[in-house]
Amino acid sequence: MARGQSSWWKKLLGVVIALAVLGGGAELALRLFVPSVIETAVRSQLKLSGDHPVDVELGGSVLLNALRGGVGNVTVEVPDTPLVDGIVADATVRAGLVPFNPLNGEIQDGSVELTVPQDQLGSIVKLLTKGVATTGEVRDGDLLIGRSVTLLGQEIPLTIALGISVANGDVLLEPKQVSAAGLDLTAEQISQATGALLDPVLHPAPVCVRDQLPAGVTLTDVQLSSTGTAVIEASLAPDAVSNPEQRAKGSCE
């Protein structure tokens, strides 16, 4: 009887070892195969050239996530991603789980991060200030914007330091300091001299950017780096890819 029990355990152990070996082989095969599939899809969607860098990393067990019906803990990094109006940014996309066919399934814990370099901030500044600012740079954690205004019959350079935050998908601007020709003035003093011209930055309302993004993408944060770059973060709706309505541009209405 003891010999029979011993034989039974040996067979069970053999099955476990065989499964482990097969699982290890499947894991290796998936790790070799899946990143290339994701890379090809990214190049197609962004219309990137064949030599444009696309880095795909998979975390956790690929095999276990495959049993869940997708690819888990995915990080895709694409430097110099072409966006809109000639803007390029370094893009990082993360997801807890991506279905094998994203067009028919839901993404879990999806997010996007865009790092916009200093020399690409112009179009973003124009959008956030509704065309008021003609220049913009990051300084001391604030967005320093500028333009020339007519005061007392003279063209005077004006700079305004703005703090930036995000609430409910909208961008909030907070004027912190106003300077005209080197003189620190209050927003009220500038408004009295320029009328309503600078209201979008001196007395800003929340800036809606939903009409600039797909409906399935929600802005969550904007961080201004000490290096002069802006980091824009957004979340992805689970059906951001599978639902055509989520892929279409959003609305500010």
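These numbers were taken from a predicted model, which means no experiment stands behind them.
- Summarising the geometry of Val207 relative to Leu173, their closest heavy-atom pair is CG2-CD1, 4.2 Å, with the distance given to 0.1 Å.
- Closest non-hydrogen pair, Ala89 versus Leu114, comes out as CB-CB, 4.4 Å.
- A 4.5 Å side-chain heavy-atom check between Leu143 and Leu224 finds at least one atom pair inside the cut-off.
- Using a 4.5 Å cut-off on side-chain heavy atoms (C-beta onward), Leu144 and Asp142 make no contact.
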**Request:** Show the numbers, then the answer: is there a side-chain contact (heavy atoms from CB on, under 4.5 Å) between Leu202 and Ile160?
**Result:** CA-CA 8 Å; Leu202 295 178; Ile160 303 173; 3.7 Å; yes
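- Linking ILVMFWY residues whenever their side-chain heavy atoms come closer than 4.5 Å, directly or via other members, leaves Val209 and Leu172 in distinct clusters.
- In this structure a side-chain-to-backbone donor-acceptor pair under 3.5 Å is missing from His52 to Val78.
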**Request:** Take Arg94 and Asp109 through the salt bridge (Lys or Arg N to Asp or Glu O under 4.0 Å) test and state the conclusion after the steps.
**Result:** CA-CA 8 Å; Arg94 297 182 176 90; Asp109 301 322; over 6 Å; no
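- In terms of modelled atom types and a separation under 3.5 Å, the side chain of Ser225 and the main chain of Thr229 share no donor-acceptor contact.
- Arg210 is not listed as a side-chain neighbour of Leu213, based on a closest heavy-atom distance of 4.5 Å or more.
- Taking hydrophobic clusters as Ile, Leu, Val, Met, Phe, Trp and Tyr residues chained together by side-chain heavy-atom distances below 4.5 Å, Leu127 shares a cluster with Val201.
- Across all their heavy atoms, Val88 and Gln120 have their closest contact at N-OE1, 3.1 Å.
- Residue Asp221 holds its CG atom at 9.5 Å from CD of Glu113, rounded to the nearest 0.5 Å.
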Side-chain polar contacts of residues 231-241 - donor-acceptor pairs under 3.5 angstrom, sequence neighbours left out - could you list them?
| unit_1 | atom_1 | unit_2 | atom_2 | d |
| --- | --- | --- | --- | --- |
| Glu233 | OE2 | Gln223 | NE2 | 3.3 |
| Asp239 | OD1 | Gln246 | NE2 | 3.0 |
| Asp239 | OD2 | Asn243 | ND2 | 3.1 |

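- Between the Arg43 side chain and the Ser49 main chain, a donor and an acceptor come within less than 3.5 Å of each other.
- For residues 198-253, the disulfide bond (SG atoms under 2.5 Å apart) pairs, not counting sequence neighbours, are Cys208-Cys252.
- The closest donor-acceptor contact from the side chain of Arg147 to the backbone of Val132 lies under 3.5 Å.
- Annotation for Asp140: atom CG does not count as buried by contact number, only 12 or fewer foreign heavy atoms lying within 6.0 Å.
- Taking each heavy atom of Ala133 and Ile145 in turn, the nearest pair found is CB-CB, 3.7 Å.
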**Message:** Working note: Lys249 + Asp211, criterion salt bridge (Lys or Arg N to Asp or Glu O under 4.0 Å); need CA distance, chi angles, decisive distance, verdict.
**Reply:** CA-CA 6 Å; Lys249 275 194 174 183; Asp211 60 346; over 6 Å; no
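- In Arg247, the CZ atom is crowded: over 12 heavy atoms of neighbouring residues, nucleotides or ligands sit closer than 6.0 Å.
- In this structure, Thr129 and Pro200 have side chains that are not in contact, with every pair of non-hydrogen atoms separated by 4.5 Å or more.
- In this structure, Ile164 and Leu128 have side chains that are in contact, with non-hydrogen atoms separated by less than 4.5 Å.
- Using a distance-only test at 3.5 Å, with no hydrogens or angles considered, a donor-acceptor pair links the side chain of Asp90 to the main chain of Asp80.
- Residues Gly163 and Lys176 approach most closely at CA-CE, 4.0 Å, considering heavy atoms.
- Looking at Val76 and Val74, their side chains come closer than 4.5 Å, going by heavy atoms from C-beta outward.
- Considering only heavy atoms from C-beta on, Thr92 stays 4.5 Å or farther from Ser111 through its side chain.
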